[in-house]
Structures are given as C-alpha cells and as structure tokens.
Protein chains: 2
Amino acid sequence: MSGQNISKSTLQRLPLYLNHLKSLPENTSGNISATAIAEAIKLNDVQVRKDLASVSKSGKPKVGYNTKELIKELEVFLGYENNNNAIIVGAGKLGMALMGYIGFKEYGLNILMAFDTDKNVVNEQELVMPIEKLPEICRRMRIKIGIITVPASFAQEVCNLLVESGVLAIWNFAPVHLNVPDGILVQNENMAASLAVLSNHLSEKMNN
Amino acid sequence: MSGQNISKSTLQRLPLYLNHLKSLPENTSGNISATAIAEAIKLNDVQVRKDLASVSKSGKPKVGYNTKELIKELEVFLGYENNNNAIIVGAGKLGMALMGYIGFKEYGLNILMAFDTDKNVVNEQELVMPIEKLPEICRRMRIKIGIITVPASFAQEVCNLLVESGVLAIWNFAPVHLNVPDGILVQNENMAASLAVLSNHLSEKMNN
DNA sequence: TAGATTGTTAATCGATTAACAATC
DNA sequence: TAGATTGTTAATCGATTAACAATC
C-alpha cells in the first residue's frame, strides 16, 4: 500500500524535507508551501511539489500544507514509526560504530547484533556473534535488513548468506557491486566513492 | 592538471573499477578489457570504456588495458597516493567511529583530530579538541577537508566555521543541505536517505 | 476579484546506451 | 585477414525544470 512507484531520487530527498519541517519553530502559522521548503533547502520548487505530492494529498492551493500533518505523513511514509530490526555482518571498527550509533533509532532502524568470523572479536555478551549462528538467528527473528561492513573481498559471500537467511534489503558499505536475486534490494553506501569526489575537487583546486 | 571535466557519476564508479582490478589474481595475462570489467561488476561496457578513457590513455584496441598500469593510473587519479589531512567536527559516536576507522588511510584520507563544543567529550590527549581551537589549527596545518558529524541543527554553523578556516571540501553526514560559497565542495553522505530507500523497499515487500 | 499556491503537461537537460568507425 | 577491442558520434531514457491550467 505505502511507497509504490516512487523514484529513488525522490525517496532520498524526503528526509531532507522532513528534517527541515522539524527544524521550524513551532509558533509559525501552521502551514507551509512547497515553494518555501524549496527556497530553504535550495531545490527547485516544482521538484519539491512533485515529491510531496507522492507522499501527501493534503496540499491545498493558496494554503500549502499543514506542517504538522505533513511531518506526520512523511514520518509514516518513511517508516520512522516502525521498528525495523537489522543485523550487521563485520564487527570491525566501522561495523561496531554503526551498531553503537544511537541516531538510527530515530529513523526506525534497530540494529540488534553483529556477526563476525573472527573468534577474537566474537563476544556474545556484547552481541557480537559467530557467523555460523547467522542463518538461524535471522530466520527466527525474521530479520529483513542486513548491513555489510566486511572487507570488499568477502562482501559477495556475506551477501549470499544474508539472502539465504531471508534478508530482503541489504545496506552495503563495501565498495563492490553485489549480485542478488530479483526482489532483494541493495543500497550502497560507498564511502570510497565520496572520497573520490572530495579528492578530485581538491586536486582541481590545488592545480590552479 | 589531473581530474578536470569529469562527471561526478564517473568519479564515483572509479573506485569500483580499481577495487575489481585489485581483486584479480596476479597470474592472469596482464591485460584486461573494459568489457571484462563491465561484465564482472554488472555495468554497461560502453560506460566503463568511457569512464576509463577519462583516466587513462593506455587502452589498446584488441588488447585492452595493462592491469597493473591501469591500477596505478586509477590510484594516482583518485589521489590514493596523496595524504589528505582532514578533521572531524562532532565527536559523538559516529564522529569518533570515523576517526578510529583505519580503512580511510587506504584512500589517502588521514583524519588528524576531532572537535567538539561539549567540554565533557573534549580530551586533547585523545585528539578531541575544543571547537574554539578549530580555526587556528586548520589554518596552521592547512587542513583542506572537514567532516561534519554534528546534529542537523548545528551543521550549517559548523560548515561556515570550516569555510572561514580555509577548508575547501566538506564531507557532510548531517541530513541537511549546506550553503557554501562558490568553489567549496560539499559531498553529502546521507544515511537517512539510504534508510529511506531500504525502508520503502521493505514496506512494498510486506504489503504484497 | 486578484494572488498565491497546487498539481499536471510539455520542454530541457544530462547521463546512459546503442551503433559504428578505427586499429592493433 | 578476421576478430576483438577501443574510442566516438548518435539515439534513448529518465529526471529535472519550465509553462500553464485549476482552485482555495
């Protein structure tokens, strides 16, 4: 029912709108226009209007959107009121950091535990489990989101294991392409790609 | 000289190519074609060929690229052999995790220290400095890269401070748009956007 | 009524992909 | 020479933006 036929680029802008709305002082009139949002976050107003139209039917000509209502609609649409359980594979620095990061709770993501092959990092008290237990735990707890923070060379293997264990969406921090069957989503968080952009900008700047 | 006129999308794919090349066994013929790379990472072959053409002149018809040479060219282009010093603003969980993450070294990124406004987290022995020292340190050490991991509501303010302190490229982990003067690059690493994509996929799956 | 705003249809733009010519 | 591959020019596609009609 929710979230059909919405482009990935639209989807990725929605949190920006939500964040902006939440940052507004409570006292303001109660309504806000797509134009005002666009102005604030430096996007095209038609784009914002189109994006919002795919989430809400409550926009009114001359009036705009009721701010609180729109916030609510965005939160529901983005699933911030759900509690999506997830697990992490790869209990290195990055993996443990993500597991410890409380900020994801706000977005409805609940990271339950991590898995690793390395016996030295496994520590069941601290919720770092041996990888062998992954399939059974994922099935039993109906985990649908897997986060991959292993080195690139192991990522595909881990991905396969997650898919076999019933995971439907994968958040991939390894800088590699993952092959998955139809119906499984891979969202890449490629920090190497970001660094490429930063580094390229600097080398352009420096050589002028 | 390096890195002119190259699209952001191309730039972001380059690390994937490099990673794939490095993953190949040493013993293979020594040459590789754009077609083979494209096949391996499931991209269009023309796209790979175009991307590589913007980095290397060493491709030869019928032969392809010399693997080692291409690896070298990509590494140089991506600045992996440089040592770009960077600082982090926001010494919370995420900030400290990024600071502790050794993986960035490989990409030529060297995170020297973190800054925070909170006196309780400041700890100069552990390289967490009070924000007041940021401008002077950045100028003195000629820091060109700033990483923002503060809450969304402080991000613009921190961004301004970084720009005033001579930073030229900003890696922004806060889910907000940042306004910067011409010539300053902002690269957004918007995890909320990624989570939106994951969550939307799950809600589609669940409602079928 | 006039103005502000929504939502839609059409035009533009950039990136991807296809077709093809050049070459070791 | 024939085949594989590069690199380029043209076609396609999707997303963004502009123009405009509808409406509180």
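Numbers restart at 1 for each chain; the letters A, B, ... are given by sequence-line order, proteins then strands.
Atom CD1 of A:Ile6 is separated from atom P of D:dA15 by 12 Å (rounded to the nearest Å). Here D:dT5 presents its P atom at 10 Å from CG of B:Asn31, a figure rounded to the nearest Å. The distance between atom CG of B:Asp51 and atom P of D:dG7, rounded to the nearest whole Å, is 12 Å. Rounded to a whole Å, the CD atom of A:Gln47 is 16 Å from the C1' atom of C:dT8. What separates NZ of B:Lys50 from P of C:dG14 is a distance of 14 Å, to the nearest Å. Atom pair A:Ile41:CD1 and D:dT16:P shows a separation of 13 Å (rounding to whole Å applied). Rounded to whole Å, the distance from CG on B:Asn66 to P on C:dC24 is 17 Å. A straight line from CD1 of B:Ile32 to C1' of D:dT6 spans 15 Å, rounded to a whole angstrom.
For the pair A:Val163/A:Ile170, a side-chain contact is recorded, criterion being any heavy-atom separation below 4.5 Å from C-beta on. Proximity of A:Ile148 to A:Leu162: side-chain heavy atoms (C-beta onward) are separated by under 4.5 Å at one or more points. You'll find the side chain of A:Met99 reaches within 4.5 Å of the side chain of A:Met96, heavy atoms only. Residues B:Met141 and B:Met113 form a side-chain contact, since some pair of their non-hydrogen atoms from C-beta on lies under 4.5 Å apart. The shortest side-chain heavy-atom distance between A:Leu16 and B:Asn190 falls under the 4.5 Å cut-off. Within the 4.5 Å cutoff, the side chain of A:Asn84 has no heavy atoms near those of the A:Lys144 side chain. For the pair B:Cys159 and B:Asn172, the minimum side-chain heavy-atom distance is 4.5 Å or more.
Using cut-offs of 30° and 60° for the angle between ring planes, the A:Tyr101 and A:Phe104 rings count as perpendicular.
Under 3.5 Å, the side chains of A:Thr35 and A:Arg49 contain a donor-acceptor pair of N or O atoms.
Within the 4.0 angstrom heavy-atom criterion, no nucleotide atom of any strand lies near A:Thr10.
In the region residues 54-65 of chain A, proximity to DNA chain D at under 4.0 angstrom, judged on heavy atoms, holds for A:Pro61, A:Lys62.
Judged purely by atom type and a 3.5 angstrom limit, B:Lys42 has no side-chain atom pairing as donor or acceptor with the backbone of B:Ala38. Using a distance-only test at 3.5 Å, with no hydrogens or angles considered, a donor-acceptor pair links the side chain of B:Ser165 to the main chain of B:Leu161.
Of the residues near DNA chain D, B:Ser33 and A:Lys8, the one whose nearest nucleotide (by heavy atom distance) lies more toward the 5' end is B:Ser33.
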For this session: Give DNA chain D the dot-bracket treatment, 5' to 3': Watson-Crick (N1-N3 with N6-O4 or O6-N4) or G-U (N1-O2, O6-N3) under 3.5 Å, [ ] crossing, | other strand.
Result: ..||||||||||||||||||||||
Please enumerate all protein N or O atoms sitting under 3.5 Å from an N or O of nucleotides 19-21 of chain D, with distances to 0.1 Å.
none

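With D:dT16, C:dG7, C:dT16 as the choices, the nucleotide that has an atom nearest any side-chain atom of A:Ser9 turns out to be D:dT16.
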